[in-house]
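From a predicted model like this one, the values you see are computed outputs, not experimental measurements. Letters go in sequence order (proteins before strands), and every chain restarts at 1. These values consider heavy atoms only, across backbone and side chains, with no hydrogens, waters or symmetry-generated copies.
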Amino acid sequence: MSVLPRGRRGAAAAALLAAGLLTATAACGGGGSDGKAGGAATAKGKDKVTLTFWDWDPNIDKVVAKWNAGHPDIQVKLSNPAGGDQLVAKMITAHEAKNGPDIAKVEYQSLPALVSKGVVADITQWTKDTVTKYDDATLKSTVFQGKVYGVPQDVAPLMFFYRTDLFAKYGLSVPKTWDDFAAEAKTVRSKAPSAYLTNFDAADPGWFTGLAQQAGANWWTTSGDSWKVDIADAPTKKVAGYWQGLVDEGSIAKNPSFSPQWNKQMNDGTLLGWISGAWAPAQLGGIAPATKGKWAVAPLPAWTAGDPATGIWGGSATTVTTDSHHPEQAAQFASWLNTDDAAVTEQVRQINVYPAATAGRSLPVLAAPPAFFPNQPDFYAEVKKVAPAARSFPMWGPDVTVTFTGYTDGFGKALQSGGSFTGALDSMQSATVADMKKLGFTVG
Amino acid sequence: MARTTTNRRRTGGFPYLLVLPAVTLFAAFVVAPGGYALLLSFQRRKVNGGLLGGGTHTVFAGLANYRDVLGDSQLWSGVLRMLALGAVTVPATVLFALLFAVLLDLERTRLKRVTRLTIFLPYAVPGVIASLMWGFLYLPATSPIGGDHVDFFGQVAVYFSVGNVAVWGAVGFNMIVIYTALRALPPELFESARLDGASERQIVLRIKVPMVMPAVVMCTLFTVLAALQVFNEPNTLKPLSNAVSSTWVPLMKIYDDAFGNSDIYSAAATSVVLTAAALAVSFVTARIVSSRVQQEAA
């Protein structure tokens with residue numbers, strides 16, 4: 001090892017490094033790691049069809065098992081290659097290699113991007129009945145220009161989760177308006193200097209997007225075939241300014257959510273509240289196991305007292321891909337999964353989803369609270385109350401990942417070095433527009 | 001003469017056969033993907049039209065991707081951060097490795113084997129695991145080393161925090177390289193130096209260190225190359241704080257383009273640019289270094 005490193009040796013090392021870098025990138029274009037079992041299996045018999053299904057919900061296998069038991073001719077094979085945005089990346093790669101799954105779970109904000117890349121199929125002709133089981137507001141997330149691209153699974157209105165025990169201890173009442181919220185954030189700091197009402201999360205854009213929606217933001221609008229992008233619009237700036245104020249005066253914490261730091265703070269009572277989607281109970285068990293039965297849900301504080309409007313954080317649809325050889329059967333499964341009473345009941349029980357289907361919201365299973373909230377028997381009644389007033393953008397843009405990366409980087413930087421939140425919004429706007437133009441969309 | 005010729009003729013194809021596996025693997029896993037990346041870097045994706053695009057097709061983009069890459073302020077900020085990080089990690093790694101190697105080589109040092117193994121051990125810990133563990137040590141809520149008093153993710157501190165993880169993982173390997181070089185030196189040298197009245201310190205500074213310079217230089221080169229490729233540590237620490245952005249260093253930018261934004265074309269172009277830069281740096285470093293060493297040897 002102690003040989004003299006001649007120029008050659010260094011050059012060779014450099015060449016290897018260079019090749020390695022190039023190879024790493026090329027591998028990205030390679031293809032999905034997960035092969036598709038469907039194609040080969042289905043070629044054998046005309047009647048029996050095997051569909052592959054990508055979904056990251058914990059316990060979804062139990063729901064799929066129900067379907068498989070009742071449909072011997074259409075068997076669904078579940079796999080969980082990744083979750084959320086990572087699954088979107090995997091779907092795009094798999095589509096390039098023409099070996100995508102038949103069915104996949106897709107979050108609403110990613111759907112237009114996947115449609116634009118030709119990954120998700122138009123299933124209008126097989127879902128004529130299915131769409132009648134949803135209200136128009138919900139369908140807006142999966143029906144674009146009259147074509148159905150997915151069957152909605154759940155909706156997650158943005159709500160305020162708070163620690164009932166600590167609210168009682170510090171004499172706080174549930175904030176009705178954002179003014180109350182700001183005042184209480186200060187009160188918490190004075191009564192318990194180590195505690196915070198909540199944190200400003202720059203890592204996950206979902207909650208901030210929901211807050212912007214509540215305030216009336218329309219980040220993307222369309223007319224005909226052209227897009228209008230307005231991420232730094234007045235309602236969003238209002239929201240950003242409000243939170244900037246709280247951060248600047250030190251009223252709230254500013255570390256990212258879903259980090260070890262945050263988990264600990266949620267568990268030990270440093271954080272008293274969490275602005276989150278209706279799916280929070282399923283997550284809290286993992287985040288803060290010591291706090292079972294100590295949380296309750298309330299409507300999100302309003303900008304003007306009595307206004308029920310809220311935003312949405314998350315929510316997904318079950319989609320069929322353009323690679324599927326059996327789109328009809330795949331669409332049939334997607335419809336069953338999200339509109340059949342037994343399937344939806346199982347989903348509520350196993351995954352704590354709040355159903356997107358209209359009838360699903362009145363299922364008897366929703367009379368019982370999620371396991372982590374035994375203290376709040378009317379949990380789902382609270383969610384049901386706010387769900388009709390939950391608004392999303394008219395449509396999600398086709399390159400939301402760019403916008404979301406812009407959020408994480410821009411707001412993270414603002415928190416780190418004291419920059420302005422509205423400046424971060426401006427850079428999100430310009431990055432999003434630049435990327436859409438680069439892809440060839442018409443941006444008006 | 002005649003015999004040599006026949007020998008040569010007989011073995012003519014054999015050497016090629018011997019290198020065939022290596023060449024095949026190199027061609028399949030390095031040249032071909034590299035060439036594909038180069039090809040990708042001249043393309044870009046366009047939607048077919050309509051509001052939702054209606055599918056996409058790839059078009060020849062000429063040098064447009066390269067123009068975008070070179071004009072991208074995020075990339076250049078990333079390069080600056082990479083250099084700042086390198087300014088921390090490269091000297092620290094090499095100096096600590098040299099220091100430990102020299103100390104281990106001293107005769108009066110005790111518990112050599114245990115110490116050597118202990119210093120080497122972190123190298124065996126995967127970078128991602130090490131970063132996660134350090135992350136827990138840094139975070140105020142979980143830190144046993146004073147994270148609630150010191151902000152390990154502060155604007156300047158973050159370079160040392162990230163660099164620390166890299167140094168911790170790399171010192172052991174480099175120490176072994178230098179230590180092996182030290183052990184290979186003939187002991188008579190030190191004996192005669194001692195007879196001439198040289199102190200232990202003089203032996204280290206005047207004899208040992210200059211004589212293992214080639215090994216130190218090689219370690220430096222490898223550490224520089226590692227610094228150019230820094231990715232694991234900042235990428236793993238990213239979700240823990242607001243300090244590390246998704247384009248913090250160039251490789252993170254490539255990763256984000258390829259997997260976050262599904263734009264493998266920009267990622268390929270950035271890779272090509274970075275590769276060219278890395279090659280240039282390596283050539284220059286290797287050239288300077290080898291001429292230095294030769295001068296000193298002469």
Side-chain angles (χ1 to χ4, degrees), chain A residues 1-7 9-11 13-15 17-19 21-29 85-86 89 92 112 115-118 144-145 202-203 222 224-227 254-256 258-261 264-265 270 398-399 401-402 405 408-409 412-413 415-417 435 438-441, chain B residues 29-30 33-34 36-38 40 44-47 50-53 55-56 135-136 139-142 155 177 180-181 184 212 214-215 217-218 221-222 225 229 239-243 245-247 254 256 258-262 264 267-268 271-272 274-275 278-279 282-283 285-287 289-290 293:
Chain A
M1 283 302 252
S2 64
V3 273
L4 202 131
R6 297 178 211 288
R9 182 168 286 267
L17 158 74
L21 284 176
L22 285 170
T23 312
T25 319
C28 313
D85 287 346
Q86 285 177 333
I92 291 169
V115 171
S116 80
K117 292 198 161 68
F144 311 133
Q145 297 187 314
T222 63
D225 278 351
S226 82
W227 292 84
K254 50 183 191 178
N255 51 298
F258 303 104
S259 65
Q261 166 93 356
K264 184 159 186 296
Q265 292 177 335
T270 304
D399 63 343
T401 48
V402 172
T405 307
T408 308
D409 289 351
K413 195 173 157 200
L415 288 176
Q416 181 78 1
S417 54
D435 187 70
K438 186 176 161 189
L439 282 165
F441 289 102
Chain B
F29 295 106
V30 177
Y36 183 53
L38 197 62
L40 286 177
R44 64 171 44 172
R45 191 190 291 279
K46 285 275 178 198
V47 292
L51 181 70
L52 278 160
T56 57
F136 278 93
L139 281 177
T142 52
Q155 266 176 290
V177 171
T180 316
V212 295
V217 161
M218 188 177 70
L221 188 65
F222 283 151
L225 292 183
Q229 299 183 72
L240 302 186
S241 84
N242 295 316
S245 67
S246 55
T247 56
I254 293 174
D256 187 56
F259 296 107
N261 303 335
S262 304
I264 53 170
S271 299
V272 171
L274 196 64
T275 304
L279 273 173
S282 313
F283 274 125
T285 320
R287 190 57 65 82
V289 155
S290 63
V293 172

>> Please identify, among B:Thr56, B:Val212, B:Leu139, the residue contributing the most non-hydrogen atom pairs under 4.5 Å to chain A.
In response: B:Leu139
>> Is any side-chain heavy atom of A:Asp435 closer than 4.5 Å to one of B:Asn261?
In response: no
>> Would you compute the distance between atom CZ of A:Phe441 and atom CG of A:Asp399 and round it to the nearest 0.5 angstrom?
In response: 7.5 Å
> Which residue out of B:Asp256, B:Asn242, B:Leu51 racks up the most heavy-atom pairs below 4.5 Å with chain A?
Replying inline: B:Leu51
>> Below 4.5 Å, heavy-atom pairs only: which of B:Leu52, B:Thr142, B:Leu240, B:Thr247 has the largest tally toward chain A?
In response: B:Leu52
> So how far is it from B:Gln229 CD to B:Leu274 CG, rounded to the nearest 0.5 Å?
Replying inline: 8.5 Å
> Where on A:Gln261 is there a heavy atom nearer than 4.5 Å to chain B: the side chain, the backbone, both, or neither?
Replying inline: both
> Contact part of B:Pro239 toward chain A, heavy-atom cut-off under 4.5 Å: side chain, backbone, both or neither?
Replying inline: backbone
> Between A:Gly412, A:Ala202, A:Gly118, A:Ser226, which residue shows the highest count of heavy-atom pairs closer than 4.5 Å to chain B?
Replying inline: A:Gly412
>> Looking at B:Arg45, is its backbone amide N or carbonyl O close enough to the side chain of A:Lys438 to form a donor-acceptor pair, meaning the two atoms are under 3.5 Å apart?
In response: no
>> What part of A:Lys117 gets within 4.5 angstrom of chain B, counting heavy atoms only: side chain, backbone, both, or neither?
In response: both
>> Please classify the contact of A:Leu439 with chain B as side chain, backbone, both or neither, using a heavy-atom distance under 4.5 Å.
In response: both
> In terms of heavy-atom pairs under 4.5 Å with chain A, which of B:Gly135, B:Gly53, B:Ala141, B:Gly260 leads?
Replying inline: B:Ala141
> With distance as the sole test, does A:Asn255 use its side chain to make a donor-acceptor pair with the main-chain N or O of B:Ser241 at under 3.5 Å?
Replying inline: no
> Picking from A:Gly440, A:Pro260, A:Pro256, which has the most non-hydrogen pairs under 4.5 angstrom with chain B?
Replying inline: A:Pro256
> Does A:Thr408 reach the side chain of B:Ser246, with side-chain heavy atoms less than 4.5 Å apart?
Replying inline: no
> Given side chains that start at C-beta, do those of A:Trp227 and A:Pro398 come closer than 4.5 Å, heavy atoms only?
Replying inline: yes
